[in-house]
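Only one structure is covered here, and it is reproduced in the block below.
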Amino acid sequence: MASTPRPSGRRPVRPVVGSRNPTGRPRTVAGRSQPPAETPVAASVGQPSAPPPPVEEAAPPPEPPPPSPSERVSEEPPATGGTVSGVRTTLVLVIAIVLLVGVAAAEGWFLWLRKEPVVSADRPVVTGEVAHRAAVEAASQAADEIVSTSYKNYDDQVDQAVAKMTDGFAAKYRQTAEDVRDQFVRAKKEVQVEVAAEGVVRADESQVQALLFLNQYVTTNGKHTAYTPYRALVTVVNTDQGWLVSDIETK
Amino acid sequence: MEVASGGSGGKPVKPGSSLSRRHIALYVATVLLACLCVAGGVLVWRTHQADERAQAEQERYGDVLAAATDEAEAFINIKYDDAQGSIDRVADGATGEFKKQYSSSTKGVLQVLKQEKSSMEGKVLWAGVVDSDQDSATVIAATSGTVANQQTNNQPVARNFRLRLDLVREDGRWLTNDLQFVG
(Lines give C-alpha, C1' and ligand atoms only; values in the text may rest on other atoms or scores of the structure.)
Protein backbone atom coordinates (compact mmCIF):
# COMPACT_ATOMS: atom_id res chain seq x y z
CA MET A 1 0.00 0.00 0.00
CA ALA A 2 3.00 2.16 0.26
CA SER A 3 2.93 2.63 -3.47
CA THR A 4 -0.52 3.93 -3.35
CA PRO A 5 -0.40 7.60 -3.66
CA ARG A 6 -1.54 9.16 -0.55
CA PRO A 7 -3.83 12.00 -0.76
CA SER A 8 -1.86 15.02 0.13
CA GLY A 9 -4.78 16.76 1.68
CA ARG A 10 -4.52 19.55 -0.93
CA ARG A 11 -6.59 19.77 -3.99
CA PRO A 12 -4.54 19.76 -7.15
CA VAL A 13 -4.42 23.25 -8.58
CA ARG A 14 -5.70 23.34 -12.10
CA PRO A 15 -3.77 25.65 -14.38
CA VAL A 16 -5.88 28.48 -15.54
CA VAL A 17 -5.53 29.57 -19.09
CA GLY A 18 -4.26 33.09 -19.30
CA SER A 19 -3.58 33.39 -15.64
CA ARG A 20 -0.34 34.87 -14.45
CA ASN A 21 0.69 31.43 -13.33
CA PRO A 22 -0.14 29.17 -16.19
CA THR A 23 2.07 26.32 -15.16
CA GLY A 24 0.22 25.79 -11.99
CA ARG A 25 3.32 26.20 -9.91
CA PRO A 26 2.75 26.85 -6.27
CA ARG A 27 2.93 30.50 -5.58
CA THR A 28 5.68 31.82 -3.40
CA VAL A 29 4.23 32.78 -0.12
CA ALA A 30 5.92 35.52 1.74
CA GLY A 31 7.90 34.24 4.65
CA ARG A 32 7.69 30.67 3.56
CA SER A 33 10.11 28.71 1.48
CA GLN A 34 9.00 26.11 -0.97
CA PRO A 35 9.60 22.45 -0.39
CA PRO A 36 12.44 21.56 -2.78
CA ALA A 37 10.90 18.37 -4.01
CA GLU A 38 7.86 20.19 -5.29
CA THR A 39 9.68 23.07 -6.99
CA PRO A 40 10.96 22.11 -10.42
CA VAL A 41 11.52 25.78 -11.17
CA ALA A 42 13.83 26.08 -8.25
CA ALA A 43 15.71 23.00 -9.46
CA SER A 44 15.96 24.37 -12.90
CA VAL A 45 17.60 27.56 -11.69
CA GLY A 46 20.33 25.66 -9.93
CA GLN A 47 19.22 25.61 -6.39
CA PRO A 48 20.86 22.87 -4.33
CA SER A 49 18.89 19.75 -4.10
CA ALA A 50 19.77 19.41 -0.46
CA PRO A 51 17.00 20.22 1.82
CA PRO A 52 17.10 23.73 3.04
CA PRO A 53 18.06 24.41 6.58
CA PRO A 54 15.22 24.07 8.86
CA VAL A 55 13.33 27.26 9.16
CA GLU A 56 10.79 27.93 11.61
CA GLU A 57 7.80 27.77 9.51
CA ALA A 58 5.14 30.28 9.94
CA ALA A 59 1.75 28.93 10.39
CA PRO A 60 0.36 28.18 7.00
CA PRO A 61 -2.34 30.48 6.01
CA PRO A 62 -5.74 29.09 6.36
CA GLU A 63 -6.71 27.03 3.39
CA PRO A 64 -9.15 28.98 1.34
CA PRO A 65 -12.46 27.32 1.17
CA PRO A 66 -13.09 25.41 -2.01
CA PRO A 67 -14.66 27.66 -4.52
CA SER A 68 -18.26 27.18 -5.13
CA PRO A 69 -19.30 26.33 -8.69
CA SER A 70 -20.40 29.88 -9.21
CA GLU A 71 -17.06 31.25 -8.08
CA ARG A 72 -15.24 28.85 -10.32
CA VAL A 73 -17.22 30.16 -13.20
CA SER A 74 -16.45 33.68 -12.17
CA GLU A 75 -12.75 33.00 -11.91
CA GLU A 76 -12.27 32.07 -15.54
CA PRO A 77 -13.97 34.96 -17.32
CA PRO A 78 -11.50 37.56 -16.04
CA ALA A 79 -8.72 35.80 -17.89
CA THR A 80 -10.78 35.47 -21.09
CA GLY A 81 -12.39 38.86 -20.46
CA GLY A 82 -8.98 40.52 -20.36
CA THR A 83 -8.17 39.17 -23.79
CA VAL A 84 -11.58 40.14 -25.10
CA SER A 85 -11.20 43.58 -23.62
CA GLY A 86 -7.79 43.94 -25.25
CA VAL A 87 -9.14 42.87 -28.61
CA ARG A 88 -12.04 45.25 -28.22
CA THR A 89 -9.68 48.11 -27.45
CA THR A 90 -7.62 47.21 -30.50
CA LEU A 91 -10.74 47.14 -32.61
CA VAL A 92 -11.94 50.52 -31.32
CA LEU A 93 -8.54 52.08 -31.96
CA VAL A 94 -8.34 50.64 -35.46
CA ILE A 95 -11.81 51.94 -36.27
CA ALA A 96 -10.86 55.35 -34.88
CA ILE A 97 -7.73 55.38 -37.01
CA VAL A 98 -9.66 54.40 -40.12
CA LEU A 99 -12.18 57.17 -39.48
CA LEU A 100 -9.44 59.71 -38.84
CA VAL A 101 -7.63 58.69 -42.01
CA GLY A 102 -10.91 59.21 -43.86
CA VAL A 103 -11.34 62.66 -42.33
CA ALA A 104 -7.72 63.56 -43.13
CA ALA A 105 -8.18 62.36 -46.72
CA ALA A 106 -11.34 64.44 -47.11
CA GLU A 107 -9.54 67.49 -45.74
CA GLY A 108 -6.64 66.89 -48.10
CA TRP A 109 -9.01 66.56 -51.02
CA PHE A 110 -10.72 69.83 -50.11
CA LEU A 111 -7.45 71.68 -49.66
CA TRP A 112 -5.55 70.45 -52.70
CA LEU A 113 -7.88 68.82 -55.16
CA ARG A 114 -10.98 70.98 -55.07
CA LYS A 115 -12.01 72.58 -58.33
CA GLU A 116 -10.75 76.05 -58.98
CA PRO A 117 -13.43 78.51 -60.11
CA VAL A 118 -13.59 79.06 -63.85
CA VAL A 119 -14.43 82.21 -65.75
CA SER A 120 -18.12 82.51 -66.55
CA ALA A 121 -20.72 85.22 -67.09
CA ASP A 122 -21.55 85.10 -63.39
CA ARG A 123 -17.92 85.13 -62.32
CA PRO A 124 -15.92 86.87 -65.06
CA VAL A 125 -13.02 87.62 -62.73
CA VAL A 126 -11.73 84.74 -60.64
CA THR A 127 -8.44 86.20 -59.48
CA GLY A 128 -7.58 88.57 -56.71
CA GLU A 129 -7.68 92.29 -57.37
CA VAL A 130 -3.91 92.68 -57.14
CA ALA A 131 -3.33 90.03 -59.79
CA HIS A 132 -5.80 91.30 -62.35
CA ARG A 133 -4.83 94.94 -61.80
CA ALA A 134 -1.21 94.01 -62.53
CA ALA A 135 -2.30 92.20 -65.67
CA VAL A 136 -4.46 95.08 -66.89
CA GLU A 137 -1.62 97.51 -66.25
CA ALA A 138 0.75 95.24 -68.20
CA ALA A 139 -1.77 95.09 -71.05
CA SER A 140 -2.09 98.87 -71.07
CA GLN A 141 1.67 99.47 -71.17
CA ALA A 142 2.18 96.79 -73.79
CA ALA A 143 -0.57 98.22 -76.01
CA ASP A 144 1.01 101.64 -75.76
CA GLU A 145 4.42 100.26 -76.80
CA ILE A 146 3.01 98.08 -79.54
CA VAL A 147 0.82 100.68 -81.21
CA SER A 148 3.04 103.73 -80.77
CA THR A 149 5.72 103.78 -83.45
CA SER A 150 7.75 106.11 -85.61
CA TYR A 151 9.38 106.04 -89.01
CA LYS A 152 12.58 107.22 -87.30
CA ASN A 153 13.27 103.95 -85.49
CA TYR A 154 10.67 101.65 -86.92
CA ASP A 155 12.68 98.41 -86.70
CA ASP A 156 13.85 99.07 -83.15
CA GLN A 157 10.28 99.72 -82.03
CA VAL A 158 9.11 96.53 -83.67
CA ASP A 159 11.78 94.65 -81.73
CA GLN A 160 10.72 96.32 -78.50
CA ALA A 161 7.09 95.57 -79.19
CA VAL A 162 7.56 91.85 -79.84
CA ALA A 163 9.34 91.54 -76.51
CA LYS A 164 5.91 92.15 -74.92
CA MET A 165 4.20 89.43 -76.95
CA THR A 166 3.85 85.69 -76.97
CA ASP A 167 5.75 83.93 -79.75
CA GLY A 168 2.61 83.24 -81.77
CA PHE A 169 1.34 86.79 -81.64
CA ALA A 170 4.85 88.16 -82.22
CA ALA A 171 5.12 86.20 -85.48
CA LYS A 172 1.84 87.66 -86.77
CA TYR A 173 2.84 91.16 -85.66
CA ARG A 174 6.24 90.94 -87.35
CA GLN A 175 4.59 89.87 -90.57
CA THR A 176 2.16 92.81 -90.49
CA ALA A 177 4.89 95.27 -89.49
CA GLU A 178 7.04 94.07 -92.38
CA ASP A 179 4.15 94.41 -94.83
CA VAL A 180 3.48 98.09 -94.00
CA ARG A 181 7.07 99.10 -93.22
CA ASP A 182 8.00 100.72 -96.53
CA GLN A 183 4.80 102.72 -96.84
CA PHE A 184 4.99 103.81 -93.20
CA VAL A 185 8.60 104.99 -93.44
CA ARG A 186 8.10 106.65 -96.81
CA ALA A 187 5.15 108.67 -95.45
CA LYS A 188 7.25 109.60 -92.40
CA LYS A 189 4.45 108.58 -90.11
CA GLU A 190 4.45 108.67 -86.35
CA VAL A 191 1.76 107.14 -84.20
CA GLN A 192 1.21 108.11 -80.59
CA VAL A 193 -1.32 106.43 -78.38
CA GLU A 194 -2.68 107.32 -74.97
CA VAL A 195 -4.85 105.10 -72.84
CA ALA A 196 -8.00 106.98 -71.88
CA ALA A 197 -9.47 104.23 -69.70
CA GLU A 198 -8.83 100.61 -68.82
CA GLY A 199 -10.81 97.89 -67.15
CA VAL A 200 -10.80 94.15 -66.59
CA VAL A 201 -13.23 92.12 -68.71
CA ARG A 202 -12.28 88.56 -67.74
CA ALA A 203 -9.52 87.21 -65.60
CA ASP A 204 -8.17 83.99 -64.24
CA GLU A 205 -4.75 82.94 -63.06
CA SER A 206 -3.41 82.26 -66.53
CA GLN A 207 -5.18 84.77 -68.78
CA VAL A 208 -6.66 88.25 -68.47
CA GLN A 209 -8.63 90.28 -70.98
CA ALA A 210 -8.48 94.04 -70.59
CA LEU A 211 -10.68 96.63 -72.29
CA LEU A 212 -8.73 99.72 -73.26
CA PHE A 213 -10.04 103.00 -74.60
CA LEU A 214 -7.21 104.29 -76.78
CA ASN A 215 -6.77 107.74 -78.26
CA GLN A 216 -4.55 107.54 -81.30
CA TYR A 217 -2.77 110.54 -82.84
CA VAL A 218 -1.15 110.10 -86.24
CA THR A 219 1.40 112.54 -87.64
CA THR A 220 2.43 112.34 -91.29
CA ASN A 221 5.57 114.12 -92.42
CA GLY A 222 5.55 116.27 -89.31
CA LYS A 223 1.92 117.34 -89.66
CA HIS A 224 -0.80 116.18 -87.34
CA THR A 225 -3.27 114.36 -89.54
CA ALA A 226 -5.71 112.31 -87.51
CA TYR A 227 -7.12 111.62 -84.10
CA THR A 228 -8.90 108.31 -83.73
CA PRO A 229 -10.60 107.14 -80.56
CA TYR A 230 -11.04 103.41 -80.52
CA ARG A 231 -11.46 100.41 -78.28
CA ALA A 232 -9.14 97.47 -77.87
CA LEU A 233 -9.62 94.14 -76.18
CA VAL A 234 -6.14 93.07 -75.16
CA THR A 235 -5.51 89.50 -74.03
CA VAL A 236 -2.47 88.85 -71.88
CA VAL A 237 -1.25 85.48 -70.65
CA ASN A 238 0.79 84.69 -67.58
CA THR A 239 4.25 83.41 -68.51
CA ASP A 240 7.66 83.03 -66.93
CA GLN A 241 8.52 86.39 -68.48
CA GLY A 242 5.45 88.01 -66.93
CA TRP A 243 2.23 89.01 -68.65
CA LEU A 244 2.64 88.86 -72.41
CA VAL A 245 0.18 89.98 -75.05
CA SER A 246 -1.34 87.07 -76.94
CA ASP A 247 -4.01 88.99 -78.87
CA ILE A 248 -5.28 92.49 -79.59
CA GLU A 249 -8.72 93.04 -81.07
CA THR A 250 -9.70 96.59 -81.98
CA LYS A 251 -13.04 98.15 -82.90
CA MET B 1 11.26 37.25 -11.11
CA GLU B 2 8.12 35.85 -12.44
CA VAL B 3 8.28 35.03 -16.12
CA ALA B 4 5.92 33.73 -18.72
CA SER B 5 6.66 31.23 -21.36
CA GLY B 6 6.39 32.04 -25.02
CA GLY B 7 9.21 34.50 -25.38
CA SER B 8 11.54 33.99 -28.29
CA GLY B 9 15.21 33.57 -27.90
CA GLY B 10 14.78 32.59 -24.35
CA LYS B 11 14.11 36.16 -23.32
CA PRO B 12 11.51 36.59 -20.71
CA VAL B 13 8.40 38.21 -21.99
CA LYS B 14 6.14 40.19 -19.77
CA PRO B 15 2.63 38.88 -19.94
CA GLY B 16 0.46 40.83 -22.38
CA SER B 17 3.37 43.03 -23.39
CA SER B 18 2.82 42.57 -27.14
CA LEU B 19 -0.81 43.58 -26.75
CA SER B 20 0.21 46.55 -24.66
CA ARG B 21 2.82 47.57 -27.19
CA ARG B 22 0.26 47.32 -29.97
CA HIS B 23 -2.17 49.42 -27.95
CA ILE B 24 0.45 52.06 -27.29
CA ALA B 25 1.27 52.23 -30.98
CA LEU B 26 -2.41 52.50 -31.88
CA TYR B 27 -2.99 55.17 -29.24
CA VAL B 28 -0.04 57.18 -30.53
CA ALA B 29 -1.24 56.82 -34.12
CA THR B 30 -4.75 57.84 -33.11
CA VAL B 31 -3.54 60.90 -31.25
CA LEU B 32 -1.26 61.94 -34.11
CA LEU B 33 -4.03 61.49 -36.64
CA ALA B 34 -6.44 63.39 -34.43
CA CYS B 35 -3.95 66.28 -34.23
CA LEU B 36 -3.54 66.16 -38.01
CA CYS B 37 -7.31 66.22 -38.47
CA VAL B 38 -7.73 69.16 -36.11
CA ALA B 39 -5.00 71.13 -37.92
CA GLY B 40 -6.52 70.14 -41.25
CA GLY B 41 -9.94 71.17 -40.03
CA VAL B 42 -8.67 74.61 -39.13
CA LEU B 43 -7.06 74.92 -42.57
CA VAL B 44 -10.25 73.73 -44.27
CA TRP B 45 -12.33 76.21 -42.30
CA ARG B 46 -10.01 79.10 -43.11
CA THR B 47 -9.83 78.11 -46.77
CA HIS B 48 -13.59 77.80 -46.93
CA GLN B 49 -13.99 81.28 -45.45
CA ALA B 50 -11.49 82.68 -47.94
CA ASP B 51 -13.25 80.89 -50.80
CA GLU B 52 -16.59 82.35 -49.75
CA ARG B 53 -15.16 85.86 -49.62
CA ALA B 54 -13.48 85.35 -53.00
CA GLN B 55 -16.69 83.96 -54.49
CA ALA B 56 -18.70 86.94 -53.22
CA GLU B 57 -16.14 89.31 -54.72
CA GLN B 58 -16.02 87.43 -58.02
CA GLU B 59 -19.80 87.37 -58.27
CA ARG B 60 -19.82 91.10 -57.57
CA TYR B 61 -17.83 91.63 -60.77
CA GLY B 62 -20.42 89.63 -62.66
CA ASP B 63 -23.30 91.56 -61.10
CA VAL B 64 -21.66 94.92 -61.78
CA LEU B 65 -20.88 94.08 -65.40
CA ALA B 66 -24.39 92.72 -65.98
CA ALA B 67 -26.02 95.84 -64.52
CA ALA B 68 -23.73 98.18 -66.46
CA THR B 69 -24.32 96.24 -69.68
CA ASP B 70 -28.10 96.37 -69.21
CA GLU B 71 -28.03 100.09 -68.52
CA ALA B 72 -25.71 100.87 -71.42
CA GLU B 73 -27.86 98.84 -73.81
CA ALA B 74 -31.00 100.55 -72.54
CA PHE B 75 -29.25 103.85 -73.13
CA ILE B 76 -28.36 103.09 -76.76
CA ASN B 77 -31.62 101.40 -77.73
CA ILE B 78 -34.15 104.17 -78.07
CA LYS B 79 -36.93 104.16 -80.62
CA TYR B 80 -39.25 107.01 -81.42
CA ASP B 81 -42.21 104.61 -81.74
CA ASP B 82 -41.62 103.33 -78.21
CA ALA B 83 -40.09 106.42 -76.74
CA GLN B 84 -41.68 106.24 -73.31
CA GLY B 85 -40.79 102.53 -72.97
CA SER B 86 -37.20 103.24 -74.01
CA ILE B 87 -36.87 106.01 -71.44
CA ASP B 88 -38.52 103.93 -68.72
CA ARG B 89 -35.97 101.16 -69.26
CA VAL B 90 -33.10 103.59 -68.76
CA ALA B 91 -34.77 105.09 -65.68
CA ASP B 92 -35.29 101.61 -64.21
CA GLY B 93 -31.55 101.06 -63.94
CA ALA B 94 -30.69 104.60 -62.89
CA THR B 95 -30.46 106.41 -59.58
CA GLY B 96 -29.27 109.65 -58.06
CA GLU B 97 -28.23 112.56 -60.24
CA PHE B 98 -28.27 110.55 -63.43
CA LYS B 99 -31.88 109.51 -62.91
CA LYS B 100 -32.83 113.05 -61.96
CA GLN B 101 -31.21 114.55 -65.04
CA TYR B 102 -32.54 111.91 -67.36
CA SER B 103 -36.07 112.20 -65.99
CA SER B 104 -36.03 115.99 -66.17
CA SER B 105 -35.16 115.86 -69.87
CA THR B 106 -37.73 113.22 -70.73
CA LYS B 107 -40.23 115.65 -72.17
CA GLY B 108 -37.70 117.20 -74.53
CA VAL B 109 -36.24 113.79 -75.49
CA LEU B 110 -39.66 112.42 -76.35
CA GLN B 111 -40.37 115.43 -78.54
CA VAL B 112 -37.06 115.18 -80.42
CA LEU B 113 -37.35 111.42 -80.90
CA LYS B 114 -40.81 111.69 -82.46
CA GLN B 115 -39.95 114.75 -84.48
CA GLU B 116 -36.79 113.23 -85.94
CA LYS B 117 -38.27 109.72 -86.11
CA SER B 118 -35.05 108.68 -84.50
CA SER B 119 -34.13 105.12 -83.72
CA MET B 120 -30.90 104.03 -82.13
CA GLU B 121 -29.95 100.41 -81.77
CA GLY B 122 -26.87 98.74 -80.43
CA LYS B 123 -25.27 96.35 -78.05
CA VAL B 124 -22.36 96.25 -75.68
CA LEU B 125 -19.32 94.64 -77.29
CA TRP B 126 -17.12 94.59 -74.24
CA ALA B 127 -17.42 95.88 -70.72
CA GLY B 128 -14.70 96.04 -68.12
CA VAL B 129 -14.56 96.90 -64.46
CA VAL B 130 -12.30 99.85 -63.73
CA ASP B 131 -12.82 99.81 -59.99
CA SER B 132 -15.14 98.12 -57.58
CA ASP B 133 -15.90 97.78 -53.91
CA GLN B 134 -18.87 96.43 -52.02
CA ASP B 135 -21.08 99.47 -52.63
CA SER B 136 -19.79 101.22 -55.73
CA ALA B 137 -18.16 100.46 -59.04
CA THR B 138 -16.94 102.09 -62.22
CA VAL B 139 -17.34 100.32 -65.53
CA ILE B 140 -16.32 101.16 -69.06
CA ALA B 141 -18.34 99.80 -71.96
CA ALA B 142 -17.66 99.66 -75.66
CA THR B 143 -20.85 99.67 -77.71
CA SER B 144 -21.52 99.02 -81.34
CA GLY B 145 -24.71 100.03 -83.14
CA THR B 146 -26.50 102.29 -85.55
CA VAL B 147 -28.65 105.36 -85.55
CA ALA B 148 -31.31 106.26 -88.10
CA ASN B 149 -33.25 109.51 -88.28
CA GLN B 150 -34.36 112.13 -90.75
CA GLN B 151 -30.83 113.51 -90.92
CA THR B 152 -29.56 110.14 -92.14
CA ASN B 153 -32.56 109.77 -94.47
CA ASN B 154 -33.73 107.07 -92.09
CA GLN B 155 -30.73 104.97 -93.11
CA PRO B 156 -28.86 103.28 -90.26
CA VAL B 157 -25.46 104.82 -89.68
CA ALA B 158 -22.83 103.26 -87.48
CA ARG B 159 -22.56 104.71 -84.00
CA ASN B 160 -19.97 103.29 -81.68
CA PHE B 161 -19.68 104.66 -78.20
CA ARG B 162 -17.23 104.54 -75.37
CA LEU B 163 -19.18 104.84 -72.14
CA ARG B 164 -18.15 105.22 -68.56
CA LEU B 165 -20.73 104.29 -65.93
CA ASP B 166 -20.59 104.85 -62.19
CA LEU B 167 -22.76 102.46 -60.26
CA VAL B 168 -23.89 102.20 -56.66
CA ARG B 169 -25.51 99.34 -54.82
CA GLU B 170 -28.96 100.14 -53.51
CA ASP B 171 -31.20 97.54 -51.89
CA GLY B 172 -29.18 94.74 -53.46
CA ARG B 173 -29.33 96.24 -56.97
CA TRP B 174 -26.53 97.88 -58.89
CA LEU B 175 -27.87 101.16 -60.30
CA THR B 176 -26.16 103.75 -62.48
CA ASN B 177 -25.77 107.17 -60.89
CA ASP B 178 -23.59 108.62 -63.64
CA LEU B 179 -23.06 107.90 -67.33
CA GLN B 180 -20.52 109.73 -69.46
CA PHE B 181 -19.19 109.46 -72.99
CA VAL B 182 -15.44 108.98 -73.01
CA GLY B 183 -14.06 111.36 -75.61
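Each chain gets a letter, A, B and so on, in the order the sequences are listed, and its residues count up from 1.
- Counting heavy-atom pairs under 4.5 Å between each of B:Gly62, B:Gly183, B:Gly128 and chain A puts B:Gly128 at the top.
- With a 4.5 Å cut-off on side-chain heavy atoms, A:Lys251 and B:Trp126 count as touching.
- Here the CG atom belonging to A:Leu93 is positioned 11.5 Å from the CD1 atom belonging to B:Ile24, to the nearest 0.5 angstrom.
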Inset, instruction - Given side-chain contact (heavy atoms from CB on, under 4.5 Å), test A:Ile97 with B:Tyr27 step by step and report yes or no. - result: CA-CA 9 Å; A:Ile97 286 172; B:Tyr27 275 123; over 6 Å; no
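- Residue B:Gln134 qualifies as open at atom CD: its count of foreign heavy atoms under 6.0 Å is 12 or below.
- You'll find the side chain of A:Arg231 stays beyond 4.5 Å of the side chain of B:Ile140, heavy atoms only.
- Sparse packing is recorded around CZ of A:Arg88, with 12 or fewer heavy atoms of other residues, nucleotides or ligands lying under 6.0 Å away.
- Atoms CG and CG, on B:Leu125 and A:Leu211 in that order, are 9.5 Å from each other to the nearest 0.5 Å.
- Using a 4.5 Å heavy-atom cut-off against chain A, no residue of residues 66-103 of chain B qualifies as contacting.
- Here the options are B:Leu33, B:Val31, B:Leu36, B:Leu32, the test is side-chain contact (heavy atoms from CB on, under 4.5 Å), and the partner is A:Leu100; only B:Leu33 passes.
- Only the backbone of A:Ala121 comes within less than 4.5 Å of a heavy atom in chain B; its side chain stays farther off.
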Inset, instruction - List the steps, then state whether side-chain contact (heavy atoms from CB on, under 4.5 Å) holds for A:Asn215 with B:Arg162. - result: CA-CA 11 Å; A:Asn215 294 337; B:Arg162 305 192 305 184; 2.6 Å; yes
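- Between the CG atom in A:Leu99 and the OG1 atom in B:Thr30 there is a gap of 10.5 Å [rounded to 0.5 Å].
- Neither the backbone nor the side chain of A:Glu116 comes within contact range of chain B; no heavy atoms are under 4.5 Å apart.
- Side-chain atoms of B:His23 come within 3.5 Å of backbone N or O of A:Gly86 as a donor-acceptor pair.
- Residue with the most contacts toward chain B among A:Val103, A:Val126, A:Val101: A:Val126 (heavy-atom pairs, distance under 4.5 Å).
- Proximity of A:Pro117 to B:Gln55: side-chain heavy atoms (C-beta onward) are nowhere separated by under 4.5 Å.
- For A:Pro229, the parts lying under 4.5 angstrom from a heavy atom of chain B are both the backbone and the side chain.
- Contacts of A:Ala96 with chain B are made by side-chain atoms alone, with heavy-atom separations under 4.5 Å and no backbone atom involved.
- In terms of non-hydrogen atom pairs under 4.5 Å with chain B, the most contact-rich of A:Leu212, A:Thr127, A:Thr90 is A:Thr90.
- When B:Thr47, B:Val130, B:Leu65, B:Val129 are compared by the number of non-hydrogen pairs under 4.5 Å with chain A, B:Val129 comes out ahead.
- The environment of CD in B:Gln111 is sparse: at most 12 heavy-atom neighbours from other residues, nucleotides or ligands sit within 6.0 Å.
- Contact annotation for A:Phe110: only side-chain heavy atoms (C-beta onward) come within less than 4.5 Å of a heavy atom of chain B.
- Interface residue B:Ala142: backbone and side-chain heavy atoms are both found under 4.5 Å from chain A.
- Between A:Arg133 and B:Asp131 there is a salt bridge, since a side-chain N of the basic residue sits under 4.0 Å from a carboxylate O of the acidic one.
- Heavy atoms closer than 4.5 Å to chain B are found in the backbone of A:Ala232, but not in its side chain.
- The environment of NE2 in B:His48 is sparse: at most 12 heavy-atom neighbours from other residues, nucleotides or ligands sit within 6.0 Å.
- Chain A forms the most heavy-atom pairs under 4.5 Å with one residue out of B:Glu59, B:Glu57, B:Arg60, B:Gln58, and that residue is B:Gln58.
- Only the side chain of A:Leu111 comes within less than 4.5 Å of a heavy atom in chain B; its backbone stays farther off.
- A heavy-atom distance below 4.5 Å is not found between the side chains of A:Arg123 and B:Tyr61.
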